[in-house]
Q: 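Can you keep this structure in mind? I'll have questions shortly.
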Amino acid sequence: MKIEILGTGCPKCKALADAVTKTVADLSLQADVVKVTDIDEIVDRGVMLTPALVVDGEIVAVGKAPSPNELKKLLGGAG
């Protein structure tokens, strides 16, 4: 599983990165977590609001950090 956090480093972006890391650990997932901070790359993907969460190439959340339960559901857990 590849999880990407798209954002320039704002507080919400950092909170999402921390929450994703915790959720991956809690669910014992095998995942590569990558932070994409290049604004040109983010815009090229069609994302106009950050943070954005991308799971295996699919944008699953834009402009917000999902709640812990939402993250579990998005990453394959029961939630």
Side-chain angles (χ1 to χ4, degrees):
M1 174 184 285
K2 183 174 182 181
I3 303 168
E4 297 171 282
I5 297 142
L6 281 54
T8 57
C10 68
K12 281 197 287 186
C13 300
K14 291 177 183 176
L16 177 58
D18 291 344
V20 166
T21 301
K22 182 179 184 326
T23 302
V24 166
D26 289 350
L27 297 176
S28 300
L29 297 175
Q30 297 240 352
D32 291 323
V33 179
V34 179
K35 295 178 188 174
V36 177
T37 58
D38 180 66
I39 193 68
D40 292 328
E41 183 176 347
I42 292 168
V43 171
D44 285 347
R45 293 180 183 214
V47 173
M48 297 296 156
L49 290 173
T50 60
L53 180 64
V54 180
V55 179
D56 290 332
E58 180 183 345
I59 299 170
V60 297
V62 176
K64 67 173 186 155
S67 72
N69 283 338
E70 288 175 311
L71 269 179
K72 287 179 183 177
K73 289 176 186 173
L74 291 170
L75 300 180

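Nothing here was measured: the structure is a model prediction, and the numbers come from that model. Heads up: numbering here begins at 1 and tracks the sequence.
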Q: Connecting only ILVMFWY residues whose side-chain heavy atoms lie within less than 4.5 Å of each other, what is the rest of M48's hydrophobic cluster?
A: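 I39, V43, which link up through side-chain heavy atoms under 4.5 Å apart, make up the rest of the cluster.
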Q: Does E70 come within less than 4.0 Å of K64, counting only side-chain N to carboxylate O?
A: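 Salt bridge between E70 and K64, a charged N being under 4.0 Å from a carboxylate O: yes.
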Q: List, by chain and number, the other hydrophobic cluster members for V36, where Ile, Leu, Val, Met, Phe, Trp and Tyr join if side-chain heavy atoms come within less than 4.5 Å, directly or indirectly.
A: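 Members other than V36 - counting any ILVMFWY side chain reachable under 4.5 Å - are L6, V34, I42, V47, L49, V54, I59, V62.
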Q: Between atom CE of M1 and atom CG of L75, what is the distance when rounded to the nearest 0.5 Å?
A: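 One finds 6.0 Å between CE of M1 and CG of L75.
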Q: Is the backbone N or O of K2 less than 3.5 Å from a side-chain atom of D56, with the two atoms forming a donor-acceptor pair by type?
A: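 The answer is yes, because a donor-acceptor pair under 3.5 Å joins these two groups.
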Q: At what distance, to the nearest 0.5 angstrom, does OG1 of T8 lie from CG of D38?
A: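 Atom-to-atom, T8:OG1 and D38:CG are 11.0 Å apart.
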Q: First locate atom CG of L53, then atom CD of E58, and finally report the distance between them rounded to the nearest 0.5 Å.
A: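 Here the rounded value is 10.0 Å.
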Q: Donor-acceptor pairs are to be reported for all side-chain atoms of residues 9-23 against protein atoms at under 3.5 Å, with residues two or more places apart or in another chain.
A:
unit_1, atom_1, unit_2, atom_2, d
T21, OG1, A17, O, 2.9
K22, NZ, D26, OD2, 2.8
T23, OG1, A19, O, 2.8

Q: Would you sort out whether I3 and D32 count as a side chain to side chain contact (heavy atoms under 4.5 Å, CB included), showing the intermediate values?
A: CA-CA 6 Å; I3 303 168; D32 291 323; over 6 Å; no
Q: Give, for atom OG of S67 and atom NZ of K73, the distance between the pair rounded to the nearest 0.5 Å.
A: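 Answer rounded to 0.5 Å: 7.5 Å.
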Q: Tell me the closest heavy-atom pair linking A65 and P51, and the distance in Å.
A: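 Looking at all heavy atoms of both residues, the shortest contact is N-CG, 4.3 Å.
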